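As structure tokens, the structure follows; a few thoughts come after it.
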Amino acid sequence: MDIKSLPYEKLQEYVTQELGEKPFRAKQLYEWLHVHLARSYDEMTNLSKQLRERLAAEAPLTTLEKLECQISTEDGTRKYLFELPDGEAIESVLMRYHHGISVCISSQVGCRMGCRFCASTVDGLVRSLEPSEMLDQIYSIQRDTGERVSNVVVMGMGEPLENYDNLLTFLGMISDPRGLNISARNITVSTCGIVPAIYDLAEKKLQITLALSLHAPDQETRKKLMPVANKYDLSEVMKAVRHYGDVTGRRVTAEYAIVSGQNDSDEDAKKLGALLGGSGIHLNLIPVNPVTESGFVPPSRKEAELFKNKLEKYGINVTIRREMGRDIDGACGQLRRRRK
Ligand code: SAH
């Protein structure tokens, strides 16, 4: 029984039907778990000792163990290495912006998507995370810093749309006013482009931001960088994200890691113009972050600026993303199941 993965209604069912307690006990319990971020039943002082003992026996409370926290000397970004209840390890990142604190969480242990520039996929996929394990990355970090997390990006290890049901449960719980109440508008989910799940997610009409990992201006180049392109053609992916934007009214963003000599030619800029110009999709450029196994090289700052200027001429709404935490391997595509 993973009690921290139960949304409010399910917890209420468990508390009243299985434990035979009054509904208000569910309210207390939910608050301890998802507002006070309790790490053990002993903290829940307004529950009777008897109930706490019964819960501890029937629904042991799991938490993440902080193994390590590296702090960037460049920008104060923190990278956490957490141990999961089964001994696996994941990484999460805290970033400070003037608008608040943003936490980047992992959705899986490892990843099976195989993107050639990304460290998270080097050892393949071990398993998907439970909703409680996604929540707990945020809870642990908020407890650790004592500061309120205002934004969440599901851009750590793993492909969130391959852990779709747990992702939906997580999104519902993290934005629940009875929990941490992080507004859906402050949540971004990034995907490499799992087409059927994008359509399904659109129907849920959540106010989250969808980010597409695009990384190439055409199908052929994309196939070289991202094996998932063999399954879903770029044209289908673009259709799906445009549909997502239309149905939800939310602006879609696209991520584009600039890899020197792979996807940053004049021709690439022109093709991107045709693909995105006037579409309302916002493009985030990221000079590719170093990953030992990939051997890919980022462009210089100046080259990146030039590429950006070309894209602007083609009518693309584009920014170069300020990468944070690079000195601690905490930037995009640098997270892994590192163990001590
Ligand atoms: N699987 C999801 C979630 C991971 S998000 C997805 O693909 O979107 C991590 C983001 O960092 C993705 O946009 C990914 O493509 C990007 N990324 C991976 N490796 C990178 C690297 N070396 N440099 C810059 N961005 C990278």
Side-chain angles (χ1 to χ4, degrees), residues 1-66 82-90 92 103 105-109 126-144 149 152 154 158 160-184 187 189 197 200-201 203-206 208:
M1 238 296 279
D2 177 11
I3 196 165
K4 217 185 281 179
S5 286
L6 297 182
Y8 194 88
E9 284 68 26
K10 291 251 171 69
L11 183 74
Q12 196 161 49
E13 228 175 87
Y14 172 69
V15 165
T16 55
Q17 289 169 25
E18 302 284 317
L19 300 177
E21 296 281 340
K22 296 258 162 40
F24 80 94
R25 292 285 174 215
K27 187 164 177 280
Q28 291 176 319
L29 196 50
Y30 199 86
E31 196 168 298
W32 278 113
L33 292 172
H34 303 289
V35 178
H36 305 309
L37 317 181
R39 289 175 69 89
S40 101
Y41 289 115
D42 295 335
E43 293 178 32
M44 306 183 185
T45 43
N46 60 358
L47 302 184
S48 71
K49 187 142 186 288
Q50 198 191 359
L51 178 57
R52 279 185 273 156
E53 277 168 4
R54 188 165 170 207
L55 281 166
E58 287 182 23
L61 204 53
T62 56
T63 50
L64 301 188
E65 222 44 70
K66 178 173 92 175
F82 289 117
E83 184 174 73
L84 302 171
D86 67 351
E88 288 295 339
I90 50 164
S92 324
V103 169
I105 66 161
S106 294
S107 57
Q108 298 183 310
V109 181
V126 177
R127 68 172 176 88
S128 282
L129 295 185
E130 296 299 324
S132 59
E133 293 170 323
M134 292 190 252
L135 291 168
D136 254 336
Q137 296 171 60
I138 298 158
Y139 295 178
S140 302
I141 290 176
Q142 182 157 318
R143 267 186 81 129
D144 193 61
V149 173
V152 172
V154 189
L161 297 191
E162 287 232 313
N163 185 16
Y164 185 64
D165 292 342
N166 288 346
L167 175 78
L168 284 183
T169 302
F170 160 77
L171 291 173
M173 292 176 77
I174 196 67
S175 57
D176 190 329
R178 296 161 295 198
L180 274 197
N181 193 15
I182 298 179
S183 145
I187 303 174
V189 172
D200 202 281
L201 190 62
E203 290 321 306
K204 306 284 184 247
K205 301 210 171 42
L206 307 176
I208 59 166

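It should be emphasised that the depicted structure is a prediction, and the values quoted were computed from it without experimental measurement.
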Would you say that [X] contacts [Y] through its side chain, given a criterion of any heavy-atom pair below 4.5 Å between the two side chains?
X: Thr62; Y: Ile3; result: no
X: Val189; Y: Leu171; result: yes
X: Leu180; Y: Val149; result: no
X: Tyr139; Y: Arg143; result: no
X: Arg178; Y: Val35; result: no

Centroid separation Tyr8 to His34 less than 6.0 Å: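 So the answer is no for these two rings.
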Distance from Ile90 atom CD1 to Ser107 atom OG, nearest 0.5 Å?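 Answer rounded to 0.5 Å: 9.5 Å.
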Find the distance between CD1 (Ile138) and OG (Ser140) and round it off to the nearest 0.5 Å.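 These two atoms lie 9.5 Å from each other.
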Nearest heavy atoms of [X] and [Y], plus distance in Å:
X: Ile105; Y: Phe170; result: CD1-CZ, 3.6 Å
X: Leu47; Y: Arg52; result: O-NE, 3.1 Å
X: Phe82; Y: Lys66; result: CD2-CA, 3.8 Å
X: Ser175; Y: Ala184; result: CB-N, 4.3 Å
X: Ser5; Y: Met173; result: O-SD, 3.7 Å

The test is side chain to side chain contact (heavy atoms under 4.5 Å, CB included); show your working for Leu37 and Asp136 and say whether it passes. CA-CA 9 Å; Leu37 317 181; Asp136 254 336; over 6 Å; no
Can you list the residues that meet the salt bridge (Lys or Arg N to Asp or Glu O under 4.0 Å) rule with [X], with sequence neighbours excluded?
X: Glu130; answer: none
X: Asp165; answer: none
X: Glu53; answer: Lys49

Leu61 vs Leu33, test: side chain to side chain contact (heavy atoms under 4.5 Å, CB included). Steps then yes/no. CA-CA 9 Å; Leu61 204 53; Leu33 292 172; 3.5 Å; yes
Between Leu55 and Leu19, is the side chain to side chain contact (heavy atoms under 4.5 Å, CB included) condition met? List the steps. CA-CA 9 Å; Leu55 281 166; Leu19 300 177; 3.7 Å; yes
Only distances under 3.5 Å count here; give the side-chain donor-acceptor pairs of residues 10-17 to other protein atoms, sequence neighbours excluded, each with its distance to 0.1 Å.
| from | atom 1 | to | atom 2 | distance (Å) |
| --- | --- | --- | --- | --- |
| Thr16 | OG1 | Gln12 | O | 2.8 |
| Thr16 | OG1 | Glu13 | O | 3.4 |

Donor-acceptor pair between Asp2 and Ser132 side chains, under 3.5 angstrom: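 Yes.
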Hey, is Arg25 close enough to Glu31 for a salt bridge, meaning N to O under 4.0 Å?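 Between Glu31 and Arg25 there is no salt bridge, as every charged N stays at least 4.0 Å from the carboxylate O atoms.
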If only atom types and distance count, is the side chain of Asn163 paired as donor or acceptor with the main-chain N or O of Leu129 below 3.5 Å?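 Yes, the answer is positive, given that a donor and an acceptor are paired below the 3.5 Å cut-off.
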Would you say the side-chain atoms of Glu43 pair up with the backbone N or O of Arg39, donor to acceptor, closer than 3.5 Å?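 A pair under 3.5 Å: yes.
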Going by ring pair (Phe, Tyr, Trp, His ring centres under 6.0 Å), name the pairs with one or both residues in residues 35-60, residues two or more places apart or in two chains.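 Residue pairs passing ring pair (Phe, Tyr, Trp, His ring centres under 6.0 Å), neighbours aside: Trp32-His36.
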What residue among Val103, Ile208, Leu167 forms side-chain contact (heavy atoms from CB on, under 4.5 Å) with Val154?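 It is Leu167, the one option of Val103, Ile208, Leu167 that forms the side-chain contact (heavy atoms from CB on, under 4.5 Å) with Val154.
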Scan Glu88, Glu133, Gln108 and name whichever one has a side-chain hydrogen bond (donor to acceptor under 3.5 Å, both in side chains) with Arg127.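 Looking at Glu88, Glu133, Gln108, the match for Arg127 under the side-chain hydrogen bond (donor to acceptor under 3.5 Å, both in side chains) is Glu133.
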For Asp200, give me all partners under side chain to side chain contact (heavy atoms under 4.5 Å, CB included), at least two apart in sequence or on another chain.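 Listed in chain order: Tyr164, Lys204.
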Tell me, with the steps shown, if Glu83 and Leu64 meet side chain to side chain contact (heavy atoms under 4.5 Å, CB included). CA-CA 6 Å; Glu83 184 174 73; Leu64 301 188; over 6 Å; no
